[in-house]
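Below is one structure, written out as structure tokens; the observations come after it.
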Amino acid sequence: MKLFLIDAYALIYRSYYAFLKNPRINSKGMNTSAIFGFINSLEDVLKRENPTHIAVAFDPKGPTFRHEAYELYKAQREETPEVIRQSVPIIKDIIEAYNIPILEVPRFEADDVIGTVSKQAEKEGFEVYMMTPDKDYGQLVSEHIFMYRPKFGGDYEVMGVKEVLNKYSLTSVDQVIDLLGLMGDSSDNIPGCPGVGEKTAQKLLEEYGSIENLLENTDKLKGALQKRVTENAEQIRFSKFLATIKTDVPIQFDAMKCVREKPNETRLTEIYTELEFRTFINKMTGEEKKPAPAPQKVAAKGPVQGNLFDLFAPEEPSVPKYSTLASLKTTLHIYKTVDSKEEMAKLGRFLEDQDFFAFDTETDGIDPLTAGLVGMSFAVKENEAWYVPVPADKEEAAKIVAHFSPALQNRKLQKIGQNIKFDIIVLRKYGVRVAGPLFDTMIAHYLLNPELRHGMDYLAETYLKYKPVPISQLIGPKGKNQLCMRDVPLAQIAEYAAEDADVTLKLKNFFAPELKKAGIESLFFDIEMPLIYVLVEMEATGVKLDTVALKQSSEELTAALNNLEKEIYELAGVKFNINSSKQVGEVLFEHLKIEEKAKKTKTGSYSTSEDILEKMRSKHPVVGKLLEYRGLKKLLSTYIDALPELINPETGKIHTSFNQTVTATGRLSSTNPNLQNIPIRDELGREIRKAFIPDNEDCTFFSADYSQIELRIMAHLSQDEHMIEAFRSGADIHSATAAKIYGIPVEEVTGDMRRKAKTANFGIIYGISVFGLAERLNIPRAESKELIEGYFKSYPGIRDYMDESIRIAKEKGYVETIFKRKRYLPDINSHNAIVRGYAERNAINAPIQGSAADIIKVAMVRIYNRFEEEGLKSKMILQVHDELNFNVCQDEQEKVRQIVLEEMENAIQLQVPLIADCGEGKNWLEAH
DNA sequence: GACAAGAGATACGTC
DNA sequence: GACGTATCTCTTGTCA
């Protein structure tokens, strides 16, 4: 006996979507896709499977017990499409005409009904097939209950226990519920755990077996996953509840009523004629059958809908939280669009008479070097601002901008902006050289709170309790359809832009006293603000690349890489994606079984990082090849092939972008490309530096870098006599350190000792732990500990300095650099030793690294000013933390060398000399 | 269901 | 320790 149970809505939806693009419409304009699709499936099953018994289950109208328990379950479900709503009664008529019983129980969904009936029928000896594409039915399969899943192309897939377990990698069908509870199911409105999909859910179940066990062991999870699971624990439990199909619905399976009968073809013909389903009419052959008695509803009456509701009544509906933020709509403001020449001239003159103004530019791109100006906005008083639209035509645009250049270039007038470097670079292309004192609100906030975000919207919401018009309101949500700023109607863009200038001014008024309170006005006005002009020039100048050489390297390396790839496949005996660390791990540890014990990453795959592979190198020839492959691949994809892509077509050079507000310590960072991580250590990597060349043959590449600036700063800050003495005497600091640690004369220091001392020196600067040092040197932890103890014995002042730094951090909540740049360390009093240790190392490291960053910034500003004053054509082009690089014009070599070294070495007076080394050559590598 | 975009993880380059 | 980038893998949203 073969019972087919059909989930009507699941099939109807499926048919509807399948035909959505190309719906079936009859001559009355009715969309019959869903009906057609449903009949098709039904006919197909009857013919193909020849069931002895059959029934169709529908979801009832009105709420089910799930809705009652979960308000959102209802709220989130989209309206049933109109077409489907209209189709359902007709489909029901058709099913009746087929003499197939309809199962529908109030308050229970079709899957609960099918679940209940399946279990009952199984007991009576039926083979049950649940016809539905929904995966949640997987939980019901058993020896005699199967899923019958329609697939595209009219095919079907029958799934029993084995198939379900295989498909979802589970060990019991009950886990289907846990799986869905975790990964969610959008078609069934089960939320699941955000960020957890099929793969992660499977992994978790493999490990923990069930949701309950998982939630009891969340402490064993790591990283983002742990956060997500713990934060969504309730939702996960609830999702499991939602995904659980009930098998005790008040309904009694009546085999007799489900016996397959002949359809009422008269009635069917009537309906099909109405719908214009000629194919189905033609399919029906033979004489008219006598009308069969209308099938009785098998469905029993559901429980009375009374007090039971209360049982699942949702808790107090959460009151939506309305934003308490002010906005343009709630704020009195006067924003004006200025679009006549007369008014522009007037505004230009007006701005010139002020002491300061805030301004902002709107552009059609995010790269300031290529973006076109769309408009400018200005503000001098809160809640008042002007917007000046700028046409796309470059010449016309320059004419408009010219009205404002006297004000923008005025050396006395302060310009206020949010990320003002961007605007200055944009305006530079229109012939404006912005000058005078600056106030960048983004940098102000960076100094006040380096670890927070510094976007304008965030700042406005946090400090002004004001929500600016979101950019997405103008240009649409992120994605390929996003508009360009120039396509936005003037009225909208004017409001938005004027608001930007206005908000910037308000932020300045808020931050200015804060800077004073924090005692960092000098750092802000004397270092960071003047540095903006330096960075503008560096970014605009750019660096020339030897593309011919790079192309040649690219070809050579690509060939080498291809060879390596083949060799690796041969040695490994399988083909796999070498770029996938996951697959590399599987090949090494599972396929080749090179190593028994394998370190796992936090997601459970094998770790294949360089140091681990390095240790395995001797075990199998493929390991060496893999390391070689990775090295080459990195160079090729990150530098050799990537750099030429970033060349600006107008200048023929690459223009990195320096970010002044990213790092926690005060260093700059560089993007597009990151020129601060160009290889230098190994031979092949150095080749890349050769491709960085001066502008032309008359120029040279000049490079100057601070020698041991961080250790010198540490010597200065700690006042440690021995270290100060070592620097004053001009000794090699690492050898001197080794001699002290090992208690031997400098002459007897071996290479290995020096290497360890050097790592220890850097370890202290970078604030790494005993463990980190051991890892880095690949020595036992005990030896690492000894090394550090020896270090502190040699330099007792350093130990004191470190303790003092931590004490200050605990007392004040922050540490600061020589120039008062602050780093806040709220975790310094944490009860978690790991978290606290991290903060403690930062307390030691931040003043050192941050002071070094401050010092080179001072040097940069001074060098830039000297170049200007002395009218040099040579340009500073790169900064790499402790190194400055220049494109030096003919005849200026000596002058540049003199200025650069002088300003670098005298940027500040410390207890120890500040030394800068320099060199020059045809390229960056030679200059070192 | 197929596809694209986004987010996370891993690895690795520099200081 | 800090940073940015490339790549793979997995999730999520969109369009059917």
Side-chain angles (χ1 to χ4, degrees), chain A residues 14 16-23 133 151-153 183-184 186-187 192-203 222-225 228 477-481 577-585 601-613 627 630-631 633-639 641-643 646 656-657 659 662-682 685 688-689 705-706 708-710 762-769 772-773 776 823 837-846 848-850 852-853 856 879-883:
Chain A
R14 205 183 143 80
Y16 170 72
Y17 283 116
F19 286 103
L20 196 58
K21 198 176 171 186
N22 205 353
K151 290 169 73 167
F152 276 106
M183 68 183 271
S186 56
S187 70
C193 180
V196 173
E198 187 172 341
K199 302 283 169 183
T200 311
Q202 280 170 355
K203 218 170 58 204
K222 290 186 183 156
L225 187 61
R228 281 182 166 148
K478 268 193 180 176
K480 55 182 182 217
N481 297 329
N577 186 346
I578 307 171
N579 296 322
S580 160
S581 36
K582 193 172 168 229
Q583 292 182 33
V584 169
T601 66
K602 61 178 161 187
T603 53
S605 37
Y606 300 103
S607 176
T608 65
S609 59
E610 192 180 3
D611 53 326
I612 290 185
L613 292 192
L627 281 164
R630 276 207 185 149
K633 178 79 188 175
K634 175 85 180 179
L635 286 181
L636 195 63
S637 61
T638 311
Y639 307 107
D641 284 345
L643 289 175
L646 291 159
T656 190
S657 173
N659 201 322
V662 168
T663 69
T665 53
R667 280 180 169 180
L668 295 177
S669 79
S670 146
T671 56
N672 292 313
N674 178 1
L675 291 181
Q676 297 183 319
N677 70 344
I678 305 296
I680 186 153
R681 285 175 205 180
D682 56 29
I688 294 167
R689 294 210 168 206
D705 66 302
Y706 279 115
Q708 314 294 0
I709 186 170
E710 282 159 340
F762 283 122
I764 303 288
I765 293 168
Y766 291 156
I768 60 173
S769 55
L773 186 65
R776 218 168 253 241
R823 167 113 192 235
Y838 179 73
E840 287 175 356
R841 288 197 295 281
N842 276 326
I844 297 157
N845 165 257
I848 299 172
Q849 233 189 67
I856 197 164
Q879 188 253 43
V880 188
H881 305 314
D882 65 354
E883 165 189 339

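Letters go in sequence order (proteins before strands), and every chain restarts at 1. For the numbers below, each heavy atom of this structure counts, side chains included, while hydrogens, waters and symmetry mates do not.
- Closest approach of A:N677 and A:Y639 over heavy atoms only: O-OH, 2.6 Å.
- A:R228 comes within contact range of the sugar-phosphate backbone alone, with a heavy-atom separation under 4.0 Å but no base atom that close.
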Review point. Which letter, B, S or -, goes with each nucleotide of nucleotides 10-15 of chain B from 5' to 3', with contact meaning a protein heavy atom under 4.0 Å?
Key: SSBBBB
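- For the pair A:E198 CD and C:dT11 P, the computed distance is 8 Å after rounding to whole Å.
- Atom-to-atom, NZ of A:K199 to C1' of B:dA9 comes out at 16 Å; the value is rounded to the nearest Å.
- Of all heavy-atom pairs between A:K582 and A:S605, the closest is CG-CB, 4.1 Å.
- Listed nucleotides C:dC8, C:dT11, C:dA6 differ in distance to A:T200; the shortest reach to its side chain belongs to C:dT11.
- A pairwise comparison of heavy atoms in A:L675 and A:V880 identifies O-CG2, 4.0 Å as the closest pair.
- Summarising the geometry of A:A201 relative to A:M183, their closest heavy-atom pair is CB-CB, 4.1 Å, with the distance given to 0.1 Å.
- Across all strands shown, A:A664 has heavy atoms under 4.0 Å from sugar-phosphate atoms exclusively, and none from any base.
- When the P atom of C:dT5 is taken as reference, atom CG of A:N659 falls 10 Å away, rounded to whole Å.
- If you measure from atom CG of A:L675 to atom C1' of C:dT5, you get 12 Å, rounded to the nearest angstrom.
- The side chain of A:T665 contributes no N or O atom lying less than 4.0 Å from OP1 or OP2 of C:dG1.
- In this structure, A:S637 does not reach the C:dT5 phosphate: none of its side-chain N or O atoms is under 4.0 Å from OP1 or OP2.
- A donor and an acceptor atom, one from each side chain of A:R228 and A:T200, are nowhere located under 3.5 Å apart.
- The two residues A:P679 and A:I688 have their closest heavy-atom pair at CG-CD1, 4.0 Å.
- Between A:K582 and C:dT7, a side-chain N or O to OP1/OP2 separation shorter than 4.0 Å is absent.
- The two residues A:Q879 and A:Q676 make their nearest non-hydrogen contact at O-NE2, 2.9 Å.
- Protein atom NZ of A:K203 is 9 Å distant from nucleotide atom C1' of C:dC10, rounded to whole Å.
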